[in-house]
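Note sheet for the following structure.
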Amino acid sequence: LIGPNGAGKTTLFDVLSGVRAPTMGRVELGGTDVTRRSATWRARQGLRRTFQRQQTFGWLTVEENLLVALEWHGGGGGLLADLVRLPPRVKRERERRERAREVLKLCGIAHLRDEPAGRLPIGRARIVELARAIVDRPTVLLLDEPTSGLEQSESAHLAQCVHRSAEEGTAIVLVEHDVGFVMQHCARIVVLHLGEVLADDTPESVRSNAAVGAAYLLSLIH
């Protein structure tokens with residue numbers, strides 16, 4: 001999903017994820033109308049997102065940021081199971097840590113797992129946010145400018161994470177200003193301009209679309 005600043009890309013993500021209510025129309029997830037459902041409910045149904053400004057839990061370690069995304073499943077047995085460390089609870093905790101470390105390795109940040117997330121530079125924090133979004137295997141993943149602030153090697157790890165999630169069955173939509181990244185990794189591109197769909201086609205067709213080129217040129221002029 002690309003377009004000049006102010007085209008409505010992040011607003012669309014806000015509506016899809018439940019952060020903002022639409023003024024008209026509806027949002028469907030898997031064929032079900034979820035327009036009135038909360039952002040939390042949608043997230044627990046597998047609709048996850050990242051934000052333009054990274055939103056990690058800065059006081060937690062990198063690994064703990066990922067474990068937080070798995071906690072809503074519960075552990076079974078309540079406080080008593082925690083106190084006496086019942087085998088099922090221990091097993092579930094081990095499985096969660098194994099999954100978190102698998103994703104940290106995939107995203108190239110396994111060496112940072114014990115670092116407080118709040119001490120990381122912007123690029124690394126953005127990778128942590130992505131890892132947290134995919135650790136619970138989403139059905140739909142919305143990525144808002146995921147390569148912003150990343151070095152080339154970090155962008156490569158991000159692309160690897162995105163492709164791995166797609167292979168596992170996740171539908172991925174990204175808002176991105178790095179058109180080169182979009183052209184290389186996306187199968188379908190939708191171009192927004194002033195809240196309207198200007199183009200919806202393959203990267204090759206969008207690249208040669210005169211109206212798309214004009215919209216971007218006008219945005220630079222203004």
Side-chain angles (χ1 to χ4, degrees), residues 1-14 16-17 19-20 39-40 43 46-72 96-138 140-168 170 172-186 189 216 219-220:
L1 188 63
I2 64 175
N5 290 332
K9 304 182 296 296
T10 294
T11 298
L12 176 58
F13 269 19
D14 287 346
L16 294 176
S17 60
V19 174
R20 181 182 304 198
T40 300
L47 176 58
R48 314 279 163 64
R49 73 169 292 185
T50 62
F51 294 82
Q52 282 183 322
R53 295 185 177 180
Q54 70 280 359
Q55 298 188 19
T56 60
F57 299 110
W59 61 95
L60 299 179
T61 67
V62 168
E63 183 177 28
E64 289 168 344
N65 265 266
L66 272 65
L67 292 173
V68 163
L70 300 169
E71 285 298 319
W72 72 273
R96 288 176 179 172
R97 289 190 178 275
E98 288 174 352
R99 172 59 182 169
R101 291 175 182 180
E102 174 189 344
V103 173
L104 289 173
K105 183 178 180 180
L106 172 66
C107 293
I109 52 174
H111 61 293
L112 299 174
R113 75 184 190 194
D114 295 323
E115 290 291 320
R119 296 182 185 176
L120 299 178
I122 292 176
R124 295 292 176 85
R126 197 172 290 281
I127 294 292
V128 172
E129 189 183 20
L130 170 65
R132 188 179 61 197
I134 67 174
V135 69
D136 195 24
R137 290 190 173 90
V140 179
L141 179 61
L142 308 177
L143 302 176
D144 199 346
E145 298 190 24
T147 69
S148 177
L150 298 189
E151 298 177 357
Q152 185 174 359
S153 61
E154 293 170 330
S155 292
H157 280 302
L158 182 140
Q160 183 180 1
C161 293
V162 169
H163 284 290
R164 176 69 173 273
S165 293
E167 290 169 358
E168 293 180 349
T170 299
I172 299 171
V173 184
L174 63 86
V175 165
E176 184 55 66
H177 283 294
D178 184 345
V179 178
F181 184 89
V182 171
M183 293 294 176
Q184 182 179 357
H185 296 289
C186 295
I189 299 177
Y216 270 99
S219 72
L220 293 175

Can you find a pair of side-chain heavy atoms, one from [X] and one from [Y], that are under 4.5 Å apart?
| X | Y | value |
| --- | --- | --- |
| Asn5 | His177 | yes |
| Arg49 | Asp14 | yes |
| Leu106 | Gln160 | yes |
| Thr50 | Arg126 | no |
| Arg137 | Thr170 | no |
| Asp178 | Ser155 | no |
| Leu104 | Leu66 | yes |
| Pro146 | Leu130 | no |

Crowding at CD, Glu168 (>12 non-hydrogen neighbours, <6.0 Å): yes

CD (Glu102) with more than 12 external heavy atoms under 6.0 Å: yes

Gap separating the [atom1] atom of [X] from the [atom2] atom of [Y], nearest 0.5 angstrom:
| X | Y | atom1 | atom2 | answer |
| --- | --- | --- | --- | --- |
| Thr11 | Arg20 | OG1 | CZ | 4.5 Å |
| Ser148 | Ile122 | OG | CD1 | 7.5 Å |
| His185 | Leu158 | NE2 | CG | 8.5 Å |
| Asn65 | Trp59 | CG | CH2 | 8.5 Å |
| Glu71 | Asp136 | CD | CG | 11.0 Å |
| Leu142 | Phe13 | CG | CZ | 4.5 Å |

Polar side chain donor-acceptor pair, Glu176 to Thr147, under 3.5 angstrom: yes

State, to 0.1 Å, how close [X] and [Y] come at their nearest heavy-atom pair, and which atoms those are.
| X | Y | value |
| --- | --- | --- |
| Ala100 | Val135 | CA-CG2, 3.9 Å |
| Ala117 | Phe57 | CB-O, 3.7 Å |
| Ala39 | Val19 | CB-N, 4.4 Å |
| Gln55 | Arg53 | CG-O, 3.2 Å |
| Pro4 | Lys9 | O-NZ, 3.1 Å |
| Leu67 | Arg97 | CD1-NH1, 3.5 Å |

Donor-acceptor under 3.5 Å ([X] side chain, [Y] main chain):
| X | Y | answer |
| --- | --- | --- |
| Glu115 | Leu112 | no |
| Arg48 | Ala43 | yes |
| Arg101 | Ala110 | no |

Any residue meeting ring pair (Phe, Tyr, Trp, His ring centres under 6.0 Å) with Trp72, in chain and number order, not counting sequence neighbours: none

Sole candidate of Asp114, Thr56, Ile109 that passes side-chain contact (heavy atoms from CB on, under 4.5 Å) when paired with Val62: Ile109

Residue pair Arg164, Glu167: steps toward the salt bridge (Lys or Arg N to Asp or Glu O under 4.0 Å) verdict: CA-CA 5 Å; Arg164 176 69 173 273; Glu167 290 169 358; 5.0 Å; no

